[in-house]
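Proteins get letters first, then strands, A, B, ... in listed order; numbering begins at 1 in each. Just so it is clear, the values below take in all heavy atoms, side chains as well, and ignore hydrogens, waters and symmetry mates.
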Number of protein chains: 2
Amino acid sequence: MTDAAAGTPASPPPSPWERERPARVHVAPARTPLSRERVVEAAFAVLDRQGLEGLSMRQVAAELGVAVSALYAHVGSKDDLLELMYTRLYDGFEMPEPDPRRWQEQVREYARSGRRRLLSHRDMARISMAHVPFTAELLPHVEALLAVFRTAGLPDRIAAEAGDLISTYIDGFVLEEGMWRDRAARHGGDGSSLARPDWPEMADEMQNYFASLPPEDFPHLRALAGLIVSDSSDERFDIGLEIILRGLASYLPDSAAGPDQDAGRAPDAT
Amino acid sequence: MTDAAAGTPASPPPSPWERERPARVHVAPARTPLSRERVVEAAFAVLDRQGLEGLSMRQVAAELGVAVSALYAHVGSKDDLLELMYTRLYDGFEMPEPDPRRWQEQVREYARSGRRRLLSHRDMARISMAHVPFTAELLPHVEALLAVFRTAGLPDRIAAEAGDLISTYIDGFVLEEGMWRDRAARHGGDGSSLARPDWPEMADEMQNYFASLPPEDFPHLRALAGLIVSDSSDERFDIGLEIILRGLASYLPDSAAGPDQDAGRAPDAT
DNA sequence: ATATCTTAATGAACACCGTTCTCCCGGTGA
DNA sequence: TCACCGGGAGAACGGTGTTCATTAAGATAT
């Protein structure tokens, strides 16, 4: 493409059997070296912009201005890349020093910050759901969480399940949040470049739909409609969390009489 | 659609947020009746044989000995097909008549049979996790579940969350089960046509791994290792379920004194 | 300075994927 | 009898993850 001069007889196009020599066009503007970290970073950029469906190796490569195959020198496979993204979610995740008197508040804090991290990247809950934290980098976090439960005095069988239980709850809750968000986006932004959430309108439609159900067949759904499509996801998250915490607390040896003083509603998350 | 579940309440009109399906199945088949039902059936066959990654329109078509494009006369899209599979999971799912005195046992039964259904098809939990039961066919089930919670006397805010909570728990638990199963299969059956689970060997390896962790850094993980990789998934499922049930029970107006007589450990003991 | 080795990036290729389009066959209603 | 039309066939389009041989560039050794 360099020599398209008009005056000189143009070279014929190369015959198919002779290998075309690129003649060193468009090379090397002294770019920063590609690294695993940069690949993961670009993957997050693509994920946030296009969602998990749009997260392809080619898109990541395009984000970096690099060939697709160059990525495989740093990540091994797409699954590998997703696992790196999953692991990176927990970078700098501070785990509490177990304090038996504050264990419920500590779990609350863990769960809320976990949800916050999941919400910080689009479709991140879907990625998290597909992975298990039993890798070398993540085991310390699991240990710290189990420490909270066990030093709180929970029986071993309960403590062992508690970790899975709240982790699954966090992932599942945020995943469902994302599904509603996507649905609302598809609802409002029809093919437009920018799909605005349009959540209030959709919540209204759902309310109307629930209200239109035959009252004799769906009394409870109608009664709870307002709470189910509640616009305050934070509150819903805290309620589910509290249910689990109360269930765990009931296994404390000294909890012969219901929830302790710390098991009330959370003081409204920010 | 011709044979709706007889025992369950009638399906309401489709909600506005669920995508409209062509639903052009009305012609009486004269010859080979390639029907929506047969497509879904073939999809399940492929799913069970090849897993979710191997479930492609082309594979389904091959299963039926038919061209790929023929499928689109009956299902509209792959997402549509997945939703049909998700919906079919609940076919013939009998929901209990709410009985305030047996509500915990009713929830236990619901959860266990839900898990059983999820386990009846490979990777089904992943499909279930990606969907929401607020479609016309599934709303009656949601209603019935909420009925159990509400007639049990749970406050509305709690009952509204309880449905999501245990549904998420069931899906999440089975999804994790499947992940371990896959990992074990990849572990033992290396490329072979038949990947045997080989679970005991992998459980041993995990035990060894946990045991090899530095005791001063991972005391709790080491202490709980045996319970975490327990070979009895049924028991683990029941324990997590019991935690949730106890948490819910704590919101009952008359539960000033901890768990009631029905909230003990599941009958199956270690 | 020259030759060699190493590393990372390239572009083409492969085998798939979901979806759509056109074409054609065969049974049905008039 | 004949036009019609729905359902299946087959090819095609643009996209996917991954692999391969080749090349450009830098470092090292002679």
Side-chain angles (χ1 to χ4, degrees), chain A residues 1 14-40 42-43 46-47 49-85 123 127 130 191, chain B residues 19 21-40 42-43 46-47 49-85 123 127 130 186 191:
Chain A
M1 55 187 61
S15 38
W17 59 85
E18 55 178 336
R19 208 166 330 104
E20 192 170 3
R21 199 157 286 255
R24 76 186 59 215
V25 279
H26 75 66
V27 248
R31 44 181 178 271
T32 60
L34 204 51
S35 69
R36 192 187 299 232
E37 208 53 34
R38 294 223 310 141
V39 172
V40 175
V46 174
L47 180 70
R49 190 177 343 109
Q50 325 232 174
L52 185 55
E53 322 297 325
L55 176 57
S56 71
M57 294 303 226
R58 284 173 162 86
Q59 289 293 320
V60 174
E63 178 80 15
L64 292 163
V66 112
V68 207
S69 50
L71 304 178
Y72 285 84
H74 299 96
V75 293
S77 75
K78 188 186 180 181
D79 284 341
D80 204 26
L81 175 56
L82 289 174
E83 187 174 324
L84 288 171
M85 297 171 80
D123 283 338
I127 297 178
Chain B
R19 271 191 356 204
R21 255 199 297 277
R24 55 172 62 262
V25 50
H26 53 79
V27 155
R31 287 197 318 129
T32 317
L34 182 54
S35 65
R36 193 190 299 230
E37 208 53 34
R38 292 224 310 142
V39 172
V40 176
V46 174
L47 181 69
R49 190 176 343 110
Q50 326 237 147
L52 185 54
E53 322 296 326
L55 176 58
S56 70
M57 293 287 127
R58 284 172 162 87
Q59 290 293 320
V60 174
E63 178 81 15
L64 291 164
V66 114
V68 210
S69 53
L71 303 178
Y72 285 84
H74 301 275
V75 292
S77 75
K78 187 185 182 181
D79 285 341
D80 207 23
L81 175 56
L82 289 175
E83 187 174 323
L84 288 172
M85 297 172 78
D123 281 340
I127 297 178
R186 256 196 304 276

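Rounded to an integer number of Å, the gap from CZ of R38(A) to P of dA9(C) is 9 Å. The NZ atom of K78(A) sits 8 Å away from the P atom of dT18(D) (whole-angstrom rounding). If you measure from atom CG of L81(B) to atom P of dT19(C), you get 10 Å, rounded to the nearest angstrom. Atom CD in Q59(B) sits roughly 12 Å away from atom C1' in dA15(C) (whole-Å rounding). Distance E53(A) CD to dG15(D) C1': 13 Å, rounded to the nearest Å. Across the protein-nucleic acid pair, L34(B) atom CG and dG6(D) atom P stand 17 Å apart, rounded to whole Å. Regarding Y72(A), its OH atom lies at a distance of 17 Å from the P atom of dA21(D), rounded to whole Å. Nucleotide dG14(D) holds its P atom 21 Å from the CE atom of M57(B), rounded to whole Å.
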query: Please walk me through it: do M57(A) and L81(A) pass side-chain contact (heavy atoms from CB on, under 4.5 Å)?
result: CA-CA 9 Å; M57(A) 294 303 226; L81(A) 175 56; 4.1 Å; yes
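The line from CE of M85(B) to NZ of K78(B) is 9.5 Å long, rounded to the nearest 0.5 Å.
Looking at the side chain of S77(A), the nearest of the listed nucleotides dA9(D), dT18(D), dA9(C) is dT18(D). Here the nucleotide nearest the side chain of S56(A), chosen from dG18(C), dA9(C), dT16(D), is dT16(D). Ranking dT19(C), dG8(D), dG17(D) by closeness to the V66(B) side chain, first place goes to dG8(D).
Comparing R58(A) and A67(A) by the nucleotide of DNA chain C whose heavy atom lies nearest to each, the residue mapping closer to the 5' end is A67(A).
Here A70(A) lies in heavy-atom contact (under 4.0 Å) with a base. The residue L71(B) sits apart from the nucleic acid: no heavy atom pair falls under 4.0 Å.
Nearest heavy-atom pair across R38(B) and L64(B) is O-CD2, 3.9 Å.
Taking only side-chain nitrogens and oxygens, S69(A) never comes nearer than 4.0 Å to OP1 or OP2 of dA9(C).
Between the side chain of D123(B) and the main chain of G51(B), no donor-acceptor pair closer than 3.5 Å is present. The backbone N or O of L34(A) sits less than 3.5 Å from a side-chain atom of H74(A), completing a donor-acceptor pair.
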